[in-house]
> 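This is the structure, below, for whatever I ask next.
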Amino acid sequence: MVKKLLPSIILLLVLVAGVGYAYSQHFFQKKDETASAETKLLTVNTNELQQIVIHPSALGTGDDTANSNAEASTSGTSDKANSTADVTLVHDNNQWTITQPGAYPANTYMIEDWLSTLESATVHGTVEQSPQDVSRYGMKQGQPGIVLTTKDGQKLEISFGSETPEREYDYVRVNDGPIIQVAGQTINDLAGATAFHFIDTTPFGWDDQQLSKLVWKGNTSTTTWTLTHQLSSGGDPNQDKWSLNDHSITPSEAGSITDAIKNIPTDELPVAADKVKGYKQVLTLEMQLMATNGDDNTGSDATSSQSQYTGWQAADDATHIWIVEPTGKWAYRLPADSISRAAKTAADVLSGKSD
(Lines give C-alpha, C1' and ligand atoms only; values in the text may rest on other atoms or scores of the structure.)
Protein backbone atom coordinates (compact mmCIF):
# COMPACT_ATOMS: atom_id res chain seq x y z
CA MET A 1 0.00 0.00 0.00
CA VAL A 2 2.77 2.39 0.97
CA LYS A 3 4.64 1.61 -2.27
CA LYS A 4 1.56 2.47 -4.30
CA LEU A 5 1.17 5.81 -2.49
CA LEU A 6 4.90 6.69 -2.61
CA PRO A 7 4.78 8.53 -6.00
CA SER A 8 1.83 10.59 -4.79
CA ILE A 9 3.60 11.42 -1.52
CA ILE A 10 6.74 12.52 -3.38
CA LEU A 11 4.68 14.66 -5.75
CA LEU A 12 2.92 16.26 -2.79
CA LEU A 13 6.24 17.04 -1.07
CA VAL A 14 7.61 18.64 -4.27
CA LEU A 15 4.46 20.73 -4.57
CA VAL A 16 4.71 21.92 -0.96
CA ALA A 17 8.39 22.78 -1.43
CA GLY A 18 7.60 24.73 -4.60
CA VAL A 19 4.85 26.70 -2.91
CA GLY A 20 7.15 27.49 -0.02
CA TYR A 21 9.88 28.77 -2.33
CA ALA A 22 7.44 30.87 -4.32
CA TYR A 23 6.13 32.45 -1.12
CA SER A 24 9.64 33.20 0.09
CA GLN A 25 10.28 35.00 -3.19
CA HIS A 26 7.12 37.10 -2.75
CA PHE A 27 5.33 35.57 -5.75
CA PHE A 28 2.11 35.50 -3.76
CA GLN A 29 2.41 39.01 -2.29
CA LYS A 30 -0.73 40.89 -3.16
CA LYS A 31 -0.14 44.02 -5.19
CA ASP A 32 -2.25 47.09 -4.67
CA GLU A 33 -4.76 47.07 -7.53
CA THR A 34 -5.03 50.85 -7.30
CA ALA A 35 -1.36 51.29 -8.17
CA SER A 36 -0.91 52.15 -11.82
CA ALA A 37 1.60 53.63 -14.20
CA GLU A 38 0.29 57.05 -13.15
CA THR A 39 1.14 56.58 -9.47
CA LYS A 40 4.15 58.74 -8.72
CA LEU A 41 7.01 57.68 -6.48
CA LEU A 42 6.97 61.12 -4.84
CA THR A 43 4.14 63.57 -4.32
CA VAL A 44 6.43 66.53 -3.60
CA ASN A 45 7.32 68.87 -6.46
CA THR A 46 11.05 68.90 -7.22
CA ASN A 47 10.90 72.71 -7.31
CA GLU A 48 10.37 72.53 -3.55
CA LEU A 49 13.62 70.67 -2.89
CA GLN A 50 16.41 72.42 -1.01
CA GLN A 51 18.94 69.59 -0.67
CA ILE A 52 19.60 66.18 -2.16
CA VAL A 53 21.92 63.60 -0.62
CA ILE A 54 22.69 60.48 -2.65
CA HIS A 55 24.36 57.43 -1.10
CA PRO A 56 25.48 55.37 -4.14
CA SER A 57 26.85 52.65 -1.86
CA ALA A 58 23.33 52.06 -0.44
CA LEU A 59 21.92 50.95 -3.78
CA GLY A 60 20.70 47.38 -3.36
CA THR A 61 22.49 46.94 0.00
CA GLY A 62 21.13 43.45 0.40
CA ASP A 63 21.64 42.15 -3.14
CA ASP A 64 24.85 41.64 -5.08
CA THR A 65 23.00 41.79 -8.38
CA ALA A 66 21.61 45.21 -7.63
CA ASN A 67 25.04 46.42 -6.66
CA SER A 68 26.46 45.17 -9.95
CA ASN A 69 23.68 47.00 -11.78
CA ALA A 70 24.67 50.19 -10.02
CA GLU A 71 28.25 49.75 -11.18
CA ALA A 72 27.07 49.07 -14.72
CA SER A 73 25.09 52.29 -14.79
CA THR A 74 28.31 54.29 -14.47
CA SER A 75 30.50 52.12 -16.68
CA GLY A 76 32.80 53.74 -19.18
CA THR A 77 34.41 56.12 -16.70
CA SER A 78 37.49 55.83 -14.56
CA ASP A 79 37.61 54.29 -11.08
CA LYS A 80 37.72 57.77 -9.56
CA ALA A 81 34.60 58.72 -11.50
CA ASN A 82 32.91 55.57 -10.17
CA SER A 83 33.54 56.53 -6.56
CA THR A 84 30.74 55.56 -4.18
CA ALA A 85 31.29 58.69 -2.09
CA ASP A 86 28.10 60.41 -0.95
CA VAL A 87 26.91 63.25 -3.17
CA THR A 88 25.22 66.38 -1.82
CA LEU A 89 23.44 68.88 -4.06
CA VAL A 90 22.17 72.16 -2.61
CA HIS A 91 19.73 74.62 -4.18
CA ASP A 92 20.69 78.18 -3.34
CA ASN A 93 20.24 81.51 -5.13
CA ASN A 94 18.07 79.82 -7.77
CA GLN A 95 20.77 77.35 -8.80
CA TRP A 96 21.99 73.89 -7.86
CA THR A 97 25.54 73.39 -6.64
CA ILE A 98 27.62 70.38 -5.62
CA THR A 99 28.92 70.60 -2.06
CA GLN A 100 30.03 67.00 -1.41
CA PRO A 101 32.35 65.19 -2.02
CA GLY A 102 33.77 68.49 -3.29
CA ALA A 103 32.57 71.86 -4.55
CA TYR A 104 32.99 70.77 -8.17
CA PRO A 105 31.67 72.88 -11.07
CA ALA A 106 28.13 71.61 -11.65
CA ASN A 107 26.47 70.75 -14.94
CA THR A 108 23.02 72.28 -14.48
CA TYR A 109 21.60 70.26 -17.35
CA MET A 110 22.57 66.94 -15.75
CA ILE A 111 21.08 67.96 -12.40
CA GLU A 112 17.84 69.02 -14.06
CA ASP A 113 17.80 65.73 -15.98
CA TRP A 114 18.20 63.79 -12.72
CA LEU A 115 15.39 65.80 -11.13
CA SER A 116 13.19 65.07 -14.14
CA THR A 117 13.82 61.34 -13.70
CA LEU A 118 12.93 61.62 -10.01
CA GLU A 119 9.75 63.56 -10.69
CA SER A 120 8.57 61.16 -13.42
CA ALA A 121 9.39 57.96 -11.47
CA THR A 122 6.28 55.81 -11.12
CA VAL A 123 5.19 52.95 -8.87
CA HIS A 124 4.52 49.60 -10.53
CA GLY A 125 2.75 48.12 -7.53
CA THR A 126 2.57 47.83 -3.75
CA VAL A 127 3.99 44.62 -2.26
CA GLU A 128 3.46 45.02 1.49
CA GLN A 129 1.68 47.85 3.28
CA SER A 130 3.29 47.56 6.72
CA PRO A 131 6.52 45.55 6.47
CA GLN A 132 7.94 44.24 9.73
CA ASP A 133 11.18 42.92 8.25
CA VAL A 134 12.56 45.03 5.39
CA SER A 135 15.62 42.77 5.09
CA ARG A 136 13.39 40.34 3.21
CA TYR A 137 13.45 42.90 0.40
CA GLY A 138 17.18 43.51 0.44
CA MET A 139 16.99 46.65 2.56
CA LYS A 140 18.75 47.67 5.73
CA GLN A 141 16.83 49.71 8.27
CA GLY A 142 18.12 53.26 8.59
CA GLN A 143 20.25 53.17 5.41
CA PRO A 144 18.35 55.17 2.79
CA GLY A 145 19.79 55.56 -0.69
CA ILE A 146 18.52 59.09 -1.20
CA VAL A 147 17.54 61.74 1.33
CA LEU A 148 15.56 64.73 0.07
CA THR A 149 15.01 67.88 2.11
CA THR A 150 12.36 70.40 1.07
CA LYS A 151 12.49 74.14 1.57
CA ASP A 152 10.16 73.85 4.56
CA GLY A 153 12.39 71.25 6.24
CA GLN A 154 10.44 68.10 5.34
CA LYS A 155 12.64 65.03 4.83
CA LEU A 156 11.97 62.18 2.47
CA GLU A 157 14.13 59.08 2.79
CA ILE A 158 14.09 56.65 -0.13
CA SER A 159 15.44 53.16 0.55
CA PHE A 160 16.37 50.71 -2.19
CA GLY A 161 16.34 46.95 -1.99
CA SER A 162 16.95 43.98 -4.24
CA GLU A 163 15.39 43.12 -7.56
CA THR A 164 11.97 41.53 -7.70
CA PRO A 165 11.74 37.93 -8.96
CA GLU A 166 10.70 39.32 -12.36
CA ARG A 167 14.06 41.22 -12.37
CA GLU A 168 12.44 44.19 -14.08
CA TYR A 169 11.69 46.09 -10.90
CA ASP A 170 13.39 46.89 -7.59
CA TYR A 171 11.91 47.02 -4.10
CA VAL A 172 11.68 50.59 -2.81
CA ARG A 173 10.39 52.28 0.32
CA VAL A 174 9.76 55.98 1.02
CA ASN A 175 10.14 56.88 4.70
CA ASP A 176 8.15 54.29 6.71
CA GLY A 177 5.67 53.63 3.93
CA PRO A 178 4.85 50.39 2.15
CA ILE A 179 7.23 48.27 0.11
CA ILE A 180 6.67 49.20 -3.51
CA GLN A 181 8.07 48.23 -6.90
CA VAL A 182 9.82 50.73 -9.19
CA ALA A 183 11.51 50.09 -12.54
CA GLY A 184 15.09 48.95 -11.97
CA GLN A 185 16.54 51.25 -14.62
CA THR A 186 14.92 54.25 -12.94
CA ILE A 187 16.48 53.27 -9.62
CA ASN A 188 19.92 52.85 -11.20
CA ASP A 189 19.63 56.29 -12.81
CA LEU A 190 18.68 57.90 -9.51
CA ALA A 191 20.64 56.08 -6.81
CA GLY A 192 23.60 55.12 -8.99
CA ALA A 193 24.49 58.73 -9.79
CA THR A 194 27.97 59.62 -8.51
CA ALA A 195 29.55 63.06 -8.31
CA PHE A 196 30.98 62.55 -11.80
CA HIS A 197 27.43 62.34 -13.15
CA PHE A 198 26.74 65.95 -12.11
CA ILE A 199 29.95 67.74 -13.03
CA ASP A 200 30.71 69.74 -16.14
CA THR A 201 33.06 67.29 -17.89
CA THR A 202 34.30 69.70 -20.57
CA PRO A 203 36.54 72.47 -19.21
CA PHE A 204 36.60 74.53 -22.42
CA GLY A 205 33.41 76.47 -22.91
CA TRP A 206 32.07 79.62 -24.54
CA ASP A 207 29.35 80.83 -26.90
CA ASP A 208 30.85 81.30 -30.36
CA GLN A 209 28.54 84.25 -30.93
CA GLN A 210 30.20 86.03 -28.02
CA LEU A 211 33.70 85.01 -29.01
CA SER A 212 35.98 87.79 -30.25
CA LYS A 213 39.39 86.10 -30.30
CA LEU A 214 41.14 82.84 -29.47
CA VAL A 215 44.92 82.60 -29.26
CA TRP A 216 46.29 79.03 -29.08
CA LYS A 217 49.91 78.79 -27.98
CA GLY A 218 51.41 75.31 -28.11
CA ASN A 219 54.96 74.04 -27.80
CA THR A 220 55.93 74.91 -31.38
CA SER A 221 55.20 77.61 -33.93
CA THR A 222 53.14 75.12 -35.94
CA THR A 223 50.75 74.71 -33.01
CA THR A 224 50.27 78.42 -32.47
CA TRP A 225 47.43 80.28 -34.14
CA THR A 226 44.95 83.14 -33.69
CA LEU A 227 41.24 82.98 -34.49
CA THR A 228 39.29 86.24 -34.70
CA HIS A 229 35.57 86.91 -35.06
CA GLN A 230 33.41 89.88 -36.01
CA LEU A 231 29.63 89.80 -35.85
CA SER A 232 27.69 90.78 -38.95
CA SER A 233 25.74 94.02 -38.86
CA GLY A 234 22.54 92.17 -39.72
CA GLY A 235 22.85 89.65 -36.92
CA ASP A 236 23.09 86.61 -39.21
CA PRO A 237 25.79 84.19 -37.89
CA ASN A 238 26.32 82.89 -41.43
CA GLN A 239 27.49 86.37 -42.43
CA ASP A 240 29.95 86.78 -39.56
CA LYS A 241 33.57 87.45 -40.44
CA TRP A 242 36.10 84.91 -39.19
CA SER A 243 39.84 84.83 -39.76
CA LEU A 244 42.61 82.40 -38.82
CA ASN A 245 46.10 83.86 -38.72
CA ASP A 246 44.75 86.72 -40.89
CA HIS A 247 43.32 84.28 -43.47
CA SER A 248 39.59 84.63 -44.05
CA ILE A 249 37.69 81.44 -43.21
CA THR A 250 34.03 80.47 -43.28
CA PRO A 251 31.81 80.30 -40.19
CA SER A 252 31.63 76.54 -40.71
CA GLU A 253 35.43 76.24 -40.67
CA ALA A 254 35.59 78.40 -37.55
CA GLY A 255 32.95 76.20 -35.93
CA SER A 256 34.96 73.06 -36.67
CA ILE A 257 37.91 74.57 -34.80
CA THR A 258 35.96 75.74 -31.74
CA ASP A 259 33.95 72.51 -31.57
CA ALA A 260 37.13 70.42 -31.66
CA ILE A 261 38.28 72.27 -28.55
CA LYS A 262 35.02 72.48 -26.61
CA ASN A 263 34.05 68.84 -27.12
CA ILE A 264 36.96 67.25 -25.27
CA PRO A 265 35.62 65.58 -22.11
CA THR A 266 37.44 64.39 -19.02
CA ASP A 267 36.93 60.87 -17.67
CA GLU A 268 37.42 61.66 -13.99
CA LEU A 269 36.66 64.26 -11.36
CA PRO A 270 38.67 67.49 -11.56
CA VAL A 271 41.38 68.20 -9.00
CA ALA A 272 42.56 71.40 -7.34
CA ALA A 273 44.63 73.37 -9.86
CA ASP A 274 47.50 73.76 -7.41
CA LYS A 275 48.17 70.03 -7.69
CA VAL A 276 49.22 70.29 -11.35
CA LYS A 277 50.89 73.67 -11.59
CA GLY A 278 54.21 72.07 -10.73
CA TYR A 279 54.10 70.18 -14.02
CA LYS A 280 55.48 71.48 -17.32
CA GLN A 281 53.24 74.04 -18.99
CA VAL A 282 52.55 72.93 -22.57
CA LEU A 283 49.57 75.02 -23.63
CA THR A 284 47.99 78.43 -23.25
CA LEU A 285 44.61 79.33 -24.72
CA GLU A 286 43.69 83.00 -24.44
CA MET A 287 40.03 83.81 -24.94
CA GLN A 288 38.45 87.19 -25.53
CA LEU A 289 34.68 87.58 -25.38
CA MET A 290 32.61 90.51 -26.58
CA ALA A 291 29.67 91.87 -24.61
CA THR A 292 27.10 92.86 -27.21
CA ASN A 293 25.12 96.04 -26.53
CA GLY A 294 21.37 96.30 -26.69
CA ASP A 295 21.19 98.49 -29.82
CA ASP A 296 22.83 96.16 -32.34
CA ASN A 297 24.81 92.96 -32.62
CA THR A 298 28.15 94.38 -33.59
CA GLY A 299 29.52 94.59 -30.09
CA SER A 300 31.58 97.59 -31.23
CA ASP A 301 30.69 99.71 -28.21
CA ALA A 302 30.91 96.87 -25.71
CA THR A 303 33.67 96.11 -23.26
CA SER A 304 35.31 92.76 -23.96
CA SER A 305 36.36 90.28 -21.29
CA GLN A 306 39.53 88.19 -21.36
CA SER A 307 40.32 84.88 -19.73
CA GLN A 308 42.86 82.11 -20.08
CA TYR A 309 43.13 78.32 -20.03
CA THR A 310 46.47 76.69 -19.35
CA GLY A 311 47.66 73.14 -20.02
CA TRP A 312 50.11 71.19 -17.85
CA GLN A 313 51.76 67.83 -18.38
CA ALA A 314 53.45 65.51 -15.88
CA ALA A 315 56.90 64.24 -16.83
CA ASP A 316 55.83 60.64 -16.31
CA ASP A 317 52.53 60.85 -18.25
CA ALA A 318 52.68 61.86 -21.89
CA THR A 319 49.16 60.61 -22.55
CA HIS A 320 47.32 63.34 -20.65
CA ILE A 321 47.29 67.12 -20.29
CA TRP A 322 45.75 68.85 -17.32
CA ILE A 323 43.67 71.90 -18.29
CA VAL A 324 43.25 74.63 -15.68
CA GLU A 325 40.03 76.56 -16.35
CA PRO A 326 39.87 80.40 -16.24
CA THR A 327 38.97 80.70 -12.54
CA GLY A 328 42.24 78.94 -11.70
CA LYS A 329 40.52 76.64 -9.18
CA TRP A 330 40.13 73.34 -11.04
CA ALA A 331 42.24 71.18 -13.34
CA TYR A 332 40.75 68.63 -15.74
CA ARG A 333 42.65 65.64 -17.09
CA LEU A 334 42.18 65.41 -20.86
CA PRO A 335 43.70 63.00 -23.41
CA ALA A 336 46.79 64.52 -25.01
CA ASP A 337 45.76 63.03 -28.36
CA SER A 338 42.47 64.96 -28.23
CA ILE A 339 44.34 68.19 -27.53
CA SER A 340 46.65 67.47 -30.48
CA ARG A 341 43.68 66.79 -32.76
CA ALA A 342 42.09 70.09 -31.76
CA ALA A 343 45.29 71.93 -32.70
CA LYS A 344 45.49 69.94 -35.94
CA THR A 345 41.96 71.00 -36.89
CA ALA A 346 43.16 74.60 -37.07
CA ALA A 347 46.33 73.53 -38.89
CA ASP A 348 44.26 71.67 -41.50
CA VAL A 349 42.08 74.72 -42.11
CA LEU A 350 45.20 76.85 -42.55
CA SER A 351 46.69 74.28 -44.89
CA GLY A 352 43.63 74.57 -47.12
CA LYS A 353 44.08 78.31 -47.27
CA SER A 354 47.73 77.99 -48.32
CA ASP A 355 46.97 75.77 -51.34
Side-chain angles (χ1 to χ4, degrees), residues 75-81 105 107 109-110 196 199-229 237-238 240 242-271 273 275-277 279-289 306-328 330-355:
S75 62
T77 56
S78 69
D79 290 339
K80 292 182 180 179
N107 184 327
Y109 172 80
M110 295 305 297
F196 184 80
I199 70 166
D200 193 346
T201 59
T202 51
F204 297 111
W206 58 81
D207 183 344
D208 282 0
Q209 281 304 102
Q210 295 181 356
L211 183 64
S212 175
K213 179 189 289 186
L214 278 182
V215 180
W216 181 288
K217 298 178 181 178
N219 284 332
T220 66
S221 59
T222 58
T223 56
T224 298
W225 47 261
T226 300
L227 178 70
T228 59
H229 175 216
N238 293 320
D240 289 355
W242 290 88
S243 66
L244 182 62
N245 284 2
D246 296 326
H247 293 278
S248 179
I249 63 174
T250 66
S252 177
E253 290 172 324
S256 69
I257 295 172
T258 57
D259 286 348
I261 300 170
K262 292 190 291 184
N263 293 333
I264 306 176
T266 185
D267 64 353
E268 64 175 41
L269 293 171
V271 301
K275 292 185 177 181
V276 306
K277 288 188 175 179
Y279 300 156
K280 179 182 178 181
Q281 185 171 349
V282 295
L283 174 67
T284 300
L285 180 62
E286 298 172 357
M287 177 179 64
Q288 183 174 311
L289 299 178
Q306 297 185 355
S307 54
Q308 178 177 273
Y309 297 89
T310 55
W312 308 79
Q313 192 167 52
D316 59 351
D317 184 8
T319 61
H320 296 95
I321 294 177
W322 291 87
I323 299 298
V324 175
E325 43 75 43
T327 69
W330 299 101
Y332 292 75
R333 192 185 75 163
L334 303 184
D337 286 347
S338 297
I339 298 291
S340 297
R341 282 195 294 271
K344 187 176 183 301
T345 302
D348 289 345
V349 172
L350 276 175
S351 177
K353 301 303 173 182
S354 300
D355 294 341

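For the numbers below, each heavy atom of this structure counts, side chains included, while hydrogens, waters and symmetry mates do not. Numbers here are sequence positions counted from 1.
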> The criterion is side-chain contact (heavy atoms from CB on, under 4.5 Å); which residues satisfy it with Lys213, sequence neighbours excluded?
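Expected list: Val215, Thr226, Thr228, Gln288.
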> For residues Lys277 and Trp312, determine if any side-chain heavy atom of one lies less than 4.5 Å from a side-chain heavy atom of the other.
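Lys277 vs Trp312: side chains touch.
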> More than 12 heavy atoms of other residues, nucleotides or ligands under 6.0 Å from CG of Asp246: yes or no?
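It does not: Asp246 CG has 12 such atoms or fewer within range.
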> Give every donor-acceptor pair under 3.5 Å between a side-chain atom in residues 199-206 and any protein atom, sequence neighbours left out.
| from | atom 1 | to | atom 2 | distance (Å) |
| --- | --- | --- | --- | --- |
| Asp200 | OD1 | Thr202 | N | 3.4 |
| Asp200 | OD1 | Thr202 | OG1 | 3.3 |
| Trp206 | NE1 | Asp208 | OD1 | 2.8 |

> Between Leu350 and His247, is there a side-chain heavy-atom distance shorter than 4.5 Å?
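Sidechains of Leu350 and His247: in contact.
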> Any non-hydrogen side-chain atom of Val271 less than 4.5 Å from a side-chain atom of Trp330?
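Not in contact.
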> Could you pull out the closest heavy-atom pair between Pro326 and Ser307, with the gap in Å?
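Taking Pro326 first and Ser307 second, the nearest heavy atoms are CB-CB, 3.8 Å.
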> Regarding Glu325 and Thr327, do their side chains bring together a donor and an acceptor under 3.5 Å, going by distance alone?
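Note: Glu325 and Thr327 side chains meet the donor-acceptor criterion.
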> Please answer whether the main-chain N or O of Ala347 pairs with a side-chain N or O of Ser351 as donor and acceptor at a distance below 3.5 Å.
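A pair under 3.5 Å: no.
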> Do Ile249 and Leu227 come within less than 4.5 Å of each other through their side chains, counting heavy atoms only?
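Ile249 reaches Leu227 side chain to side chain.
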> Quick one: does Asp240's side chain get under 4.5 Å of His229's, heavy atoms only?
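In short, these two side chains touch, coming nearer than 4.5 Å.
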> Which atom names give the shortest non-hydrogen contact between Ala318 and Ala336, and what distance separates them?
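It is O-CB, 3.5 Å.
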> To the nearest 0.5 Å, what is the distance between CD1 (Ile321) and NZ (Lys280)?
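NZ of Lys280 is found 10.5 Å from CD1 of Ile321.
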> Between Gln313 and Trp322 (side chain of the first, backbone of the second, donor and acceptor by atom type, cut-off under 3.5 Å), is there such a pair?
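Not at all, since once roles are kept as given, no pair shorter than 3.5 Å links the two residues.
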> Starting at OG of Ser340, measure out to CG of Leu283 and round the result to the nearest 0.5 Å.
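So the gap between those two atoms works out to 10.0 Å.
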> Roughly how far apart are Leu244 CG and Trp216 CH2, rounded to 0.5 Å?
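Spacing of CG (Leu244) from CH2 (Trp216) equals 12.5 Å.
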> Run the salt bridge (Lys or Arg N to Asp or Glu O under 4.0 Å) test against Lys344 and tell me which residues pass, sequence neighbours left out.
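By the salt bridge (Lys or Arg N to Asp or Glu O under 4.0 Å) rule, Lys344 matches Asp348.
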> How long is the straight-line distance from CD of Gln308 back to CD of Glu286, given to the nearest 0.5 Å?
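If we round to the nearest 0.5 Å, Glu286:CD and Gln308:CD are 5.5 Å apart.
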> Please name the pair of heavy atoms, one in Ile261 and one in Ala342, separated by the smallest distance, quoted to 0.1 Å.
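Shortest heavy-atom contact: CG1-CB, 4.0 Å.
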> Contact between Leu211 and Met287 at the side-chain level, heavy atoms closer than 4.5 Å - yes or no?
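Contact flag for Leu211/Met287 side chains = yes.
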> Just wondering, do Leu214 and Trp225 contact through their side chains at under 4.5 Å, heavy atoms?
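Trp225 reaches Leu214 side chain to side chain.
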> With sequence neighbours left out, write down each residue that passes side-chain contact (heavy atoms from CB on, under 4.5 Å) with Asp337, or none if nothing qualifies.
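By the side-chain contact (heavy atoms from CB on, under 4.5 Å) rule, Asp337 matches Arg341.
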> Could you pull out all residues at least two apart from Asp317 that satisfy side-chain contact (heavy atoms from CB on, under 4.5 Å)?
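Residues passing side-chain contact (heavy atoms from CB on, under 4.5 Å) with Asp317: Ala314, Thr319, His320.
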> Check Ala331 against Val276 and note the closest heavy-atom contact, atom names and distance.
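Scanning both residues, the minimum pair turns out to be CB-CG2, 3.7 Å.
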> Minimum heavy-atom separation for Pro265 to Pro335, with atom names?
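For Pro265 and Pro335, the tightest heavy-atom pair comes out as O-CD, 4.0 Å.
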> Rounded to the nearest 0.5 Å, how far apart are CD of Glu253 and OG of Ser248?
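Those atoms lie 8.5 Å apart.
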> To the nearest 0.5 Å, what is the distance between CZ on Phe196 and CG on Leu269?
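Rounded to the nearest 0.5 Å, the CZ-CG separation comes to 7.0 Å.
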> State which residues pass side-chain contact (heavy atoms from CB on, under 4.5 Å) with Asp207; sequence neighbours excluded, sorted by chain then number.
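Asp207 satisfies side-chain contact (heavy atoms from CB on, under 4.5 Å) with Gln209, Gln210 once adjacent residues are dropped.
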> Please examine the side chains of Thr310 and Ile323, heavy atoms only from C-beta on, and report whether any two atoms are closer than 4.5 Å.
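The answer is no; the side chains never approach within 4.5 Å.
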